[in-house]
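Read the numbers this way: they start at 1 and go in the same order the structure lists the ligands and their atoms.
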Amino acid sequence: MDVPKKKTGISRRRLLAGSAIAAPTLALLHERIPHRGVHDALGGHDATAATTEQMPHGGHTATAAHAGFAPGRTVDHAANGFDPTEMLRDFDYGRATRLASGRVLREWELVAIDREIEVAPGVKYPAWTYNGRVPGPTLRCHEGDLLRIRFANGSEHPHTIHFHGIHPAFMDGMPGIGEELGGGTIEPGQDFTYEFDATPFGVHLYHCHISPLASHISRGLYGAFIVDPRSGRADADELVMVMNGFDTNFDGSNEVYAVNTVGFHHIADPVRVRRGELVRIYLVNVLEFDPLNSFHVHANFFDYYPTGTRLEPTEHTDTIVQGQGQRGILELRFPHPGKYMFHAHVSEFAELGWTGFFEVT
Ligand SMILES: [Cu+2]
């Protein structure tokens, strides 16, 4: 009852064939997959024939054409109340005070709010949000801080905040656990304050943990949670990218894929970085309905720190795969100026929004 099923709406096939974002997408797909149904081509075994790697020039040229929908058909960021470009570098350190012990107490307020958001030009989605935005605020702290997060449920549905990290059971945001202490399920109109230590350092996430879990998460109730190591990290241009998707017709599969919610956003508005400067990406995969997601950057390599919990990278690569809930830190320097595509190396996701450019100047 808390997951209303929408009877009408666009299917993945119809979204591609006739929606607001269809024109350039369809042109692209027809150009590349001329004699095949769009859905079948994307979903069938032959979908790999359409990978950008195999058709690099066509892929780049045609995908760049997505920017063509931007001038006339942009997402209304003001109406959404958040802008994916701003969210990239928006870290919320909360309200910090020093306890008598000398330890830092960091406090936030998160409110669950139901609101409609636009996830691609003309594609509206009835989201469930923390603080009105998807993803929720990027909560950031230092290893060893005491964290206090007051959660108020202003939604019409029961929710929780389940943090990844190490904490007592009743602070886990799990229905049925700690109910006698006010935790567990937080009903509409109720509130609860989560309190725990910031540990371990790394890049984590938080999300609602009410069943059906996939529904509550995919609606938008998630965010990145970063714990900086005591030793700190080298100065860098830091970015948060939360890989997500939207099942706009509630059929159990996603119609739009993105980083930070708005599909194709960084095609028209590239992520601007400086040549030679260290760039650090906190990458989180919260995608539901698809078991894997991935990140690939063109013409550059990065160091990868899985979960960010060790200070030594495990890999030097241009592509990594993350399962649901996995995350990690990417560090790279762009040696050459220019525009470099980044996208999911699951081609279907890339074609449905999870693709963009770095612009190196
Ligand atoms: Cu929920």
#### Entry: Qualifying ring-ring contact (aromatic ring centres under 6.0 Å, His included) pairs, either residue in residues 88-120, two or more places apart
none
### side-chain hydrogen bond (donor to acceptor under 3.5 Å, both in side chains) partners for N293, two or more places apart
N285, W354
### Query
Using the ring of each side chain (for Trp, its six-membered ring), is H265 parallel, tilted or perpendicular to H77, with breaks at 30° and 60°?
perpendicular
#### Entry: With F225, the ring pair (Phe, Tyr, Trp, His ring centres under 6.0 Å) member among F163, Y206, Y194
F163
### Query
Excluding waters, which protein N, O or S atoms are within less than 2.8 Å of the Cu ion (ligand 1)?
H159 ND1, C208 SG, H216 ND1
### Query
Can you list every salt bridge (Lys or Arg N to Asp or Glu O under 4.0 Å) pair that touches residues 320-331, not counting sequence neighbours?
R280-E331
### Message
Quick one about H159 and H209 (side-chain donor to acceptor, distance below 3.5 Å, no hydrogens or angles considered), yes or no?
### Response
no
